Amino acid sequence: MLSLLVATAVALIRVRGLLASIMLTSVYGLLSASFFVIMDAVDVAFTEAAVGAGVSPLLLLLTVAIVGRKEAAPAQGRRAAMPILLVTVTGALLIIGTLDMPPFGAADAPVHQHVAPYYLEQSGGEIGIPNVVTSVLASYRAYDTLGEVLVIFTAGVAVILALAPPGQRGSFRLDDSSATPFVPNTIVQVVSKLLIPFMLLFACYVQFHGEYGPGGGFQAGVIFASGIILYGLLYGLPTVCRAIPPPVVEVLAAVGVLIYGLTGVLSLLGGSSFLDYGVFADDPVTAQHIGIVCIELGVGITVAAVIITIYYAFARQQERGRS
Amino acid sequence: MLALTVVVILLVMLVALARAFTAPNVFDRVLAANLFGTKTVLLIAALSYLSGSPDHLDIAVVYALINFISVIGVLRVTEWRREQRQNAVEE
Amino acid sequence: MEWVGNICLFIGSFLLLTGALGFLRFRDFYARIHACGITETLATGFILLGLFLHSDAVLPQIKLVMILLFVLFSSPTASHALAKAAWNAGVRPRDSDGVRLPLPPSDQ
Amino acid sequence: MDVFSYFNYWVVIALMMLGFYIVIARGNLVKKLIGLNIFQTSVFILYISAGKVSGGAAPILADGIALYSNPLPHVLILTAIVVGIATTSVGLALVVRIHAAYGSVEEDEILEQDAPC
């Protein structure tokens with residue numbers, strides 16, 4: 001499995017032409033996700049499948065559609081030797097470093113000695129949900145997760161800022177909805193129309209099932225967004241913008257963060273520390289449940305909205321390039 | 001039998017991967033990637049039964065969805081390029 | 001039930017192998033789509049059916065049926081879209097001697 | 001000592017170095033971002049490998065399972081993947097802007113245009 005990963009990476013180096021590289025990136029994403037399944041990291045595999053094999057190749061594709069797929073020849077001769085030398089030396093140093101690491105899979109490695117046993121043993125009683133990953137993510141380390149959600153939100157804002165045309169105020173509107181002639185592709189459109197509702201429904205299932213099985217806000221957001229992106233790819237940007245207006249999405253991205261933050265503030269007002277859910281109900285387990293559901297909802301909304309926003313920004317750029 | 005199926009799926013994945021590396025044009029590559037993706041769905045499903053943890057089936061569902069999306073995505077981009085070229089010819 | 005499932009798995013694996021063989025050996029792009037697309041749908045069906053018969057729990061079975069439905073919908077559609085895109089991009093089939101067939105008159 | 005016990009780590013390093021190589025040796029900015037992605041994934045694999053316990057099950061509590069893999073790396077990486085795609089998209093947005101300003105995404109050509117200033 002891992003050797004396959006290396007082979008893909010090597011092929012990525014050798015392949016010229018960006019479209020081919022992107023196909024390989026997608027395959028690479030699938031491969032690493034399968035690897036995560038074998039390593040028991042189901043939640044991670046979930047995310048990587050949706051992100052590494054789905055959204056990130058799509059964004060790369062949109063970029064390539066804007067900037068063109070030609071790639072210059074790599075440097076030859078002495079200029080090419082320098083990176084190889086640098087890489088080899090760094091790699092060799094790192095390999096020497098690994099010799100001190102605990103063997104793979106050992107149960108007594110230092111990683112497994114500190115907080116992890118506590119999470120595994122106590123979370124069943126304290127939080128009361130089976131998926132330990134979710135309870136660590138949304139309860140024990142909720143503060144970290146808040147930071148990460150903010151990073152995602154900021155990234156969305158940055159993309160909007162970077163791609164906004166000069167002089168634009170407020171959210172973008174499509175000015176030339178009739179300018180782009182759209183080639184219908186009936187069979188694919190009809191089948192996708194059937195599939196997209198299931199996709200969105202499945203995203204909701206992932207969102208609310210995240211406490212019992214693999215899943216949660218991050219995964220659900222990405223799946224939801226990729227359903228919308230599929231709709232946009234097939235029916236064109238104007239149609240999808242009419243169904244889900246960009247200003248609404250932008251507001252939703254903020255609302256998601258707000259839900260997360262408010263959950264923390266409410267717990268402050270209730271007299272305990274930030275993001276400590278103990279105040280939401282008399283029974284601590286129920287309280288934890290309420291807190292986790294709120295937070296996951298905030299995460300899901302933010303992630304979905306930010307990715308849709310990013311897609312809108314890129315797709316609009318691409319449409320402008322076309323007309 | 002399950003183990004044999006897993007081995008066969010891995011073999012086919014290997015073939016698809018090799019093909020994706022050496023494919024002569026974009027469409028062959030997409031075909032190989034698509035084949036690879038559907039085989040991954042099967043692999044995850046079979047593996048989840050082999051290890052007795054049916055939770056993993058969720059992941060297989062996601063794969064089935066995502067794979068379709070990425071194939072469609074690539075094809076749309078090639079179509080856009082064709083449109084561009086046609087527009088350039090017309091002007 | 002178990003052995004019926006095993007037979008299904010076996011048929012599915014066999015079909016997968018034939019599909020991969022066709023994918024490698026056929027010389028023409030459309031023949032390769034044909035080899036992949038058709039065997040893929042049938043083989044996926046058989047393998048998922050085999051897995052279905054292997055379990056008793058209901059929730060995994062529902063998920064398997066979902067996967068099957070998705071694959072049954074999306075895989076032929078993807079093959080179709082692929083063939084259409086290739087045709088529009090000017091990939092032409094070859095005849096049995098490996099010579100590219102000319103464009104049909106309607107397309108010129 | 002068992003050689004295979006380090007195989008995962010070596011693969012991680014190989015992947016990391018391949019990504020690193022793409023980043024420094026290729027001039028195309030989109031390709032550089034792809035290389036960065038590979039680099040990133042190698043870090044994910046390192047964390048997940050570190051969290052694996054031989055014979056352990058996925059960290060979803062169930063009856064009759066005594067040994068679980070370490071959930072902490074999973075949490076870290078799960079969020080890191082989504083943050084990764086967000087930052088990648090910022091990078092891609094910058095690439096698009098660079099393309100609009102310079103008409104090229106090749107590092108050499110951009111540097112050439114900048115040189116007279």
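Quick note on labels: first sequence line is chain A, next is B, and so on, each numbered from 1. Nothing here was measured: the structure is a model prediction, and the numbers come from that model.
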Derivation of the side chain to side chain contact (heavy atoms under 4.5 Å, CB included) call for V96(D) and L163(A):
CA-CA 8 Å; V96(D) 169; L163(A) 290 183; 3.7 Å; yes
Show every donor-acceptor pair shorter than 3.5 Å between a side-chain atom in residues 88-95 of chain D and any protein atom, with sequence neighbours excluded, or say none if there are none.
residue	atom	partner	partner atom	Å
T88(D)	OG1	G84(D)	O	2.7
S89(D)	OG	I85(D)	O	3.3
S89(D)	OG	A86(D)	O	2.6

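- The most heavy-atom pairs under 4.5 Å with chain A, out of L29(D), V82(D), N37(D), V23(D), come from V82(D).
- Applying the side-chain contact (heavy atoms from CB on, under 4.5 Å) criterion to V151(A), with sequence neighbours excluded, gives V83(D).
- The closest side-chain heavy-atom distance from I45(D) to F35(A) is below 4.5 Å.
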Take T41(D) and Y28(A), measure what side chain to side chain contact (heavy atoms under 4.5 Å, CB included) needs, and give me the verdict at the end.
CA-CA 9 Å; T41(D) 318; Y28(A) 181 82; 3.6 Å; yes
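- If you tally non-hydrogen atom pairs under 4.5 Å between each of I98(D), I24(D), T87(D), T79(D) and chain A, the highest count goes to T79(D).
- For a heavy-atom cut-off of 4.5 Å, chain D lies close to V51(A), V55(A), S56(A) in residues 49-56 of chain A.
- Both the backbone and the side chain of A162(A) come within less than 4.5 Å of a heavy atom of chain D.
- Inter-residue side-chain proximity for H74(D) and V42(A) is flagged as unmet; no heavy-atom pair is nearer than 4.5 Å.
- Inter-residue side-chain proximity for V44(A) and I48(D) is flagged as met; some heavy-atom pair is nearer than 4.5 Å.
- The parts of I152(A) that come within reach of chain D are both its backbone and its side chain, each placing non-hydrogen atoms under 4.5 angstrom from that chain.
- For the atom pair D144(A) CG and L76(D) CG, the distance stands at 7.5 Å (nearest 0.5 Å).
- Checked against side-chain contact (heavy atoms from CB on, under 4.5 Å), V75(D) has the following partners two or more places apart in sequence or in another chain: V133(A), V136(A), L137(A).
- Rounding to the nearest 0.5 Å places OG1 of T63(A) at 8.0 Å from CG of L33(D).
- Note that the NZ atom of K31(D) and the OG1 atom of T25(A) stand 8.0 Å from one another [nearest 0.5 Å].
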